[in-house]
Engineer: 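Before I ask anything, let me first share the structure, which is written out below as structure tokens.
A quick note: this is a predicted structure, and the numbers were derived from the prediction, not measured. We name chains A, B, ... by the order of the sequence lines, and we start the count at 1 in each one.
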Amino acid sequence: AQKITQTQPGMFVQEKEAVTLDCTYDTSDQSYGLFWYKQPSSGEMIFLIYQGSYDEQNATEGRYSLNFQKARKSANLVISASQLGDSAMYFCAMREGDTGGFKTIFGAGTRLFVKA
Amino acid sequence: DGGITQSPKYLFRKEGQNVTLSCEQNLNHDAMYWYRQDPGQGLRLIYYSQIVNDFQKGDIAEGYSVSREKKESFPLTVTSAQKNPTAFYLCASSPVGSLTEAFFGQGTRLTVV
């Protein structure tokens with residue numbers, strides 16, 4: 001079964017607008033971490049933001065925020081004021097602390113295109 | 001500066017040859033991971049190790065082998081048994097027992113001709 005689901009293969013956003021990238025996850029663990037990574041065309045994986053399962057407040061890092069809805073098992077990434085340099089692949093990921101052995105598993109990714 | 005170094009960045013091999021990809025980290029992390037990424041796809045876990053001299057298979061271990069003789073190093077060998085070895089390979093590390101993020105190397109792009 002898919003543990004991380006990203007249903008948007010590609011997204012377009014106008015420069016300076018906000019965009020939401022969707023992510024749902026499946027776990028029976030109580031303790032887990034959720035992440036978003038950015039992968040530009042160079043291939044490197046850039047860590048963006050982290051949300052722990054016990055964190056009550058949504059994580060924010062600059063223009064990135066994670067909309068964490070635990071009951072719905074969703075962890076959407078919101079990018080505010082999009083920039084041309086935001087064009088890249090974005091991956092949602094999870095680490096499970098109980099049954100998952102702390103290894104990180106990834107979704108299929110969403111390719112974001114920022115239009116000038 | 002602490003980080004993960006993968007070498008080489010690009011690698012070409014003839015079909016039927018084994019090839020070893022290097023991964024070294026100086027972050028003092030106990031856990032290390034190898035992922036494979038095909039074009040337009042997500043990352044799939046090949047092998048991971050949480051301690052020296054121990055490692056576990058991930059989702060797509062067939063045709064690959066690893067060793068973990070030192071904490072800093074986790075080389076991946078792509079054997080001739082791997083039917084479709086051409087891919088982008090990423091190495092990562094993290095502290096054991098922590099739910100915080102994994103750190104990645106720059107990746108090795110392997111092309112088998």
Engineer: Quick one, B:Phe104 with A:Glu44, criterion side-chain contact (heavy atoms from CB on, under 4.5 Å). Give me CA distance, side-chain angles, the key distance, then yes/no.
Structural biologist: CA-CA 7 Å; B:Phe104 282 83; A:Glu44 61 182 315; over 6 Å; no

Engineer: Any chance CD1 of A:Ile46 has more than 12 other-residue heavy atoms, nucleotides or ligands included, within less than 6.0 Å?
Structural biologist: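 Buried by this count: over 12 neighbours within 6.0 Å.
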
Engineer: I'd like to know if B:Trp34 and B:Tyr10 are part of one continuous hydrophobic network [Ile/Leu/Val/Met/Phe/Trp/Tyr, side-chain heavy atoms within less than 4.5 Å].
Structural biologist: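 Each belongs to a different hydrophobic cluster.
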
Engineer: Please classify the contact of A:Gln39 with chain B as side chain, backbone, both or neither, using a heavy-atom distance under 4.5 Å.
Structural biologist: side chain

Engineer: Within a radius of less than 6.0 Å around CD of B:Glu62, do more than 12 heavy atoms belonging to other residues, nucleotides or ligands occur?
Structural biologist: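 No.
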
Engineer: Out of A:Gly109, A:Pro9, A:Ser42, A:Gly43, which one racks up the most heavy-atom pairs below 4.5 Å with chain B?
Structural biologist: A:Gly43

Engineer: Check each atom of B:Gln37 against the heavy atoms of chain A and say whether the ones under 4.5 Å are side chain, backbone, both or neither.
Structural biologist: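 For B:Gln37, the side chain is the part near chain A, not the backbone.
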
Engineer: Are B:Ser94 and A:Arg95 close enough that some pair of their side-chain heavy atoms sits under 4.5 Å apart?
Structural biologist: yes

Engineer: Is it true that, when you exclude A:Lys73 itself, more than 12 heavy atoms of the residues, nucleotides or ligands shown sit nearer than 6.0 Å to its NZ?
Structural biologist: yes

Engineer: Please state whether the side chain, the backbone, both or neither of B:Ala31 comes within less than 4.5 Å of a heavy atom of chain A.
Structural biologist: neither

Engineer: For the ring pair (Phe, Tyr, Trp, His ring centres under 6.0 Å) test, which of A:Phe91, A:Phe106, A:Tyr37 pairs with B:Tyr35?
Structural biologist: A:Phe106

Engineer: Where on B:Glu101 is there a heavy atom nearer than 4.5 Å to chain A: the side chain, the backbone, both, or neither?
Structural biologist: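 Interface part for B:Glu101: both.
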
Engineer: Examine B:Leu43 and B:Tyr64 and state if one hydrophobic cluster contains both, with Ile, Leu, Val, Met, Phe, Trp and Tyr joined whenever side-chain heavy atoms are less than 4.5 Å apart.
Structural biologist: no

Engineer: Against chain A, label B:Leu90 side chain, backbone, both or neither, depending on which of its atoms sit under 4.5 Å from a heavy atom there.
Structural biologist: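 For B:Leu90, the side chain is the part near chain A, not the backbone.
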
Engineer: Hydrophobic clusters here meaning ILVMFWY residues chained together by side-chain heavy-atom distances under 4.5 Å, can you tell me if A:Val114 and A:Met11 are in one?
Structural biologist: yes

Engineer: Count the heavy atoms belonging to other residues, nucleotides or ligands that lie under 6.0 Å from NZ of A:Lys70, then report whether that count exceeds 12.
Structural biologist: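 Yes.
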
